[in-house]
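What follows is one structure encoded as structure tokens, with my remarks underneath.
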There are 2 protein chains.
Amino acid sequence: MAYTYEYPRPALTVDAVVFAFDDQDLKVLLIQRALAPFAGKWALPGGFVHMDETLEAAVRRELKEESGLGNVFLEQLYTFGEPNRDPRGRTVSVAYYALVKLADHQLVASTDAKDAAWFPLTDLPPLAFDHERIVKVARRRLQGKVRYQPIGFELLPKKFTLSQLQHLYETVLERPLDKRNFRKKILAMGLLIDTGEIQQDVSHRAARLFAFDQKKYQALEKKGFNFEI
Amino acid sequence: MAYTYEYPRPALTVDAVVFAFDDQDLKVLLIQRALAPFAGKWALPGGFVHMDETLEAAVRRELKEESGLGNVFLEQLYTFGEPNRDPRGRTVSVAYYALVKLADHQLVASTDAKDAAWFPLTDLPPLAFDHERIVKVARRRLQGKVRYQPIGFELLPKKFTLSQLQHLYETVLERPLDKRNFRKKILAMGLLIDTGEIQQDVSHRAARLFAFDQKKYQALEKKGFNFEI
DNA sequence: TCAAAAGTGTTAACCATACACCCATGC
DNA sequence: GCATGGGTGTATGGTTAACACTTTTGA
């Protein structure tokens, strides 16, 4: 079967930069390509957009197929359309970035023959296509957005300690934060719920576990409140 | 001539939300469509992406063809890909927003049989396709971006008064600003050059004309300076 | 001389920053 | 008892916000 058009059309793909945080550093999900071009190379998860699905649906489908990930935070990043970014011919890619809670999605199972794995953001292998550039843009966006939108919580388990949260911010922003000032500020917003629970199985004083109060945030947001770190 | 592919492909277009400021309010450039669908309706300038041009080049070409505008500030906004946004069939549109200095581009001459005109952002006619939504997204982006990037100057003539600048910010942000605090803050940044000139032909005390110091901004930016209103 | 907008400082409240020690727990 | 991270308050400097009158100019 074939499809014919009066004028030529670029191919349309989606790609995703999936971030996760393991209490040490930021990770990015990569897929090892089985086919040419760039066979054997690592690349961002992604693929062609079907005719009847939204762009976001296409990303979610590809993430599911290639890595088993479902139900993640997803936001459009940028559309890359340089004429020569794909050696097979003109291909425009709408890139998204995703944030996942590592604990919820420990297993990355690949449906295809491809391999999927987490890599530290600071130590990625060479990537296929212009994917290095896409990762760079995503990193910058995350860095900018984390400061004035409460998206950091998407990278932590539902219940987390203040130290985990601080460490996440320090990692994303690439600078140290003062412990007392950080706690003061974040607690003053009143958006964290003290679950009453504490850490288990740690070999030192156990920290309290907090949860982000999504509902309260949405209510405050409507009233003009601005989250800011 | 026809083009055939193994799998179906969406059509790919670009659209632009072009903003201008006339010392009263924000304007948006619209084109009256000559052809179906939506013949006679107003729409954003835009059109199909050619196979050998970048997305940005496509926007610039369309702006030139449809309105005569050249050499404008342009930034990618968002990509709209709902399956039914175009009645002719699946069409994905990469939207950009542009900022132009009205004075530099007073004339909007249309090459096609189409009509081009400026409309107040707050009083747009019904638009074709999902262009109302695109304008809304662009307005929000402009509102957010103007506060921490010196893009407001793209909407003013090269030489402007502090009142013009303040009025622009008040219009974009939709809230009044204190005159003394505004001047103090903006002058403290040291990014405005006093041209030594003053307004001409005004029936009251003439204001000094300032210019934005692009070079100094770029130098400061590299050293970690953050513009902020 | 009137109308219209330009230009100009001070004070008080708030917010960001810097900084060091004791506490609880498991080994 | 020691190693590890948890938890806590204050003082200072800087930033923002509120606020009203005089000056210049052309009509």
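Just so we're on the same page: letters track the sequence lines, and every chain starts at 1. These numbers come from the heavy atoms of this one structure, side chains and all, not from hydrogens, waters or symmetry mates.
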Inset, instruction - Please identify each residue that fulfils salt bridge (charged side-chain N to carboxylate O under 4.0 Å, His left out) with A:Asp194, with sequence neighbours left out. - result: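 Here the qualifying residues are A:Arg208.
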Inset, instruction - Can you sort out the partners of B:Glu154 under side-chain hydrogen bond (donor to acceptor under 3.5 Å, both in side chains), two or more places apart, ordered by chain and number? - result: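 In terms of side-chain hydrogen bond (donor to acceptor under 3.5 Å, both in side chains), with neighbours along the sequence ignored, B:Glu154 is linked to no residue.
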Legend entry - Contacts of type side-chain hydrogen bond (donor to acceptor under 3.5 Å, both in side chains), residue B:Lys41, not counting sequence neighbours: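 Listed in chain order: nothing, the list is empty.
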In whole Å, I'd like the distance from the [atom1] atom of [X] to the [atom2] atom of [N].
X: A:Asn226; N: C:dC15; atom1: CG; atom2: P; value: 14 Å
X: B:Ile186; N: C:dG7; atom1: CD1; atom2: P; value: 14 Å
X: B:Leu209; N: C:dA5; atom1: CG; atom2: P; value: 16 Å
X: B:Phe182; N: C:dA6; atom1: CZ; atom2: P; value: 12 Å

Inset, instruction - Indicate for each nucleotide in nucleotides 17-27 of chain C, in 5' to 3' sequence, whether protein heavy atoms under 4.0 Å reach the base (B), only the sugar-phosphate (S), or nothing (-). - result: BBBB--BBBS-
Inset, instruction - With heavy atoms under 4.0 Å as the rule, sort A:Thr161 into base, sugar-phosphate or nothing. - result: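 Touches nothing.
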Inset, instruction - State which residues pass ring-ring contact (aromatic ring centres under 6.0 Å, His included) with A:Phe153; sequence neighbours excluded, sorted by chain then number. - result: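 Once residues adjacent in sequence are excluded, the partners of A:Phe153 under the ring-ring contact (aromatic ring centres under 6.0 Å, His included) criterion are A:Phe160, A:Phe212.
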Legend entry - Side chain proximity check, A:Val146 to A:Tyr169, heavy atoms < 4.5 angstrom: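 Side-chain contact under 4.5 Å: yes.
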Legend entry - Sub-4.5 Å side-chain heavy-atom contact between B:Gln199 and B:His204: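 Yes. Closest side-chain heavy atoms under 4.5 Å.
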Legend entry - Short side-chain N/O contact from B:Arg183 to OP1 or OP2 of C:dG7, under 4.0 Å: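 Yes, because at least one side-chain N or O of B:Arg183 sits under 4.0 Å from OP1 or OP2 of C:dG7.
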Legend entry - First-last contacting nucleotides on DNA chain D - partner chain A, under 4.0 angstrom, heavy atom: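 So the outermost contacting nucleotides come out as D:dT4 to D:dT10.
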Inset, instruction - Ignoring hydrogens and angles, state whether a donor on the side chain of A:Arg85 or B:Thr54 is under 3.5 Å from an acceptor on the partner side chain. - result: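 No.
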Legend entry - Donor-acceptor pair between A:Gln76 and A:Glu56 side chains, under 3.5 angstrom: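 Distance-only check fails for A:Gln76 and A:Glu56.
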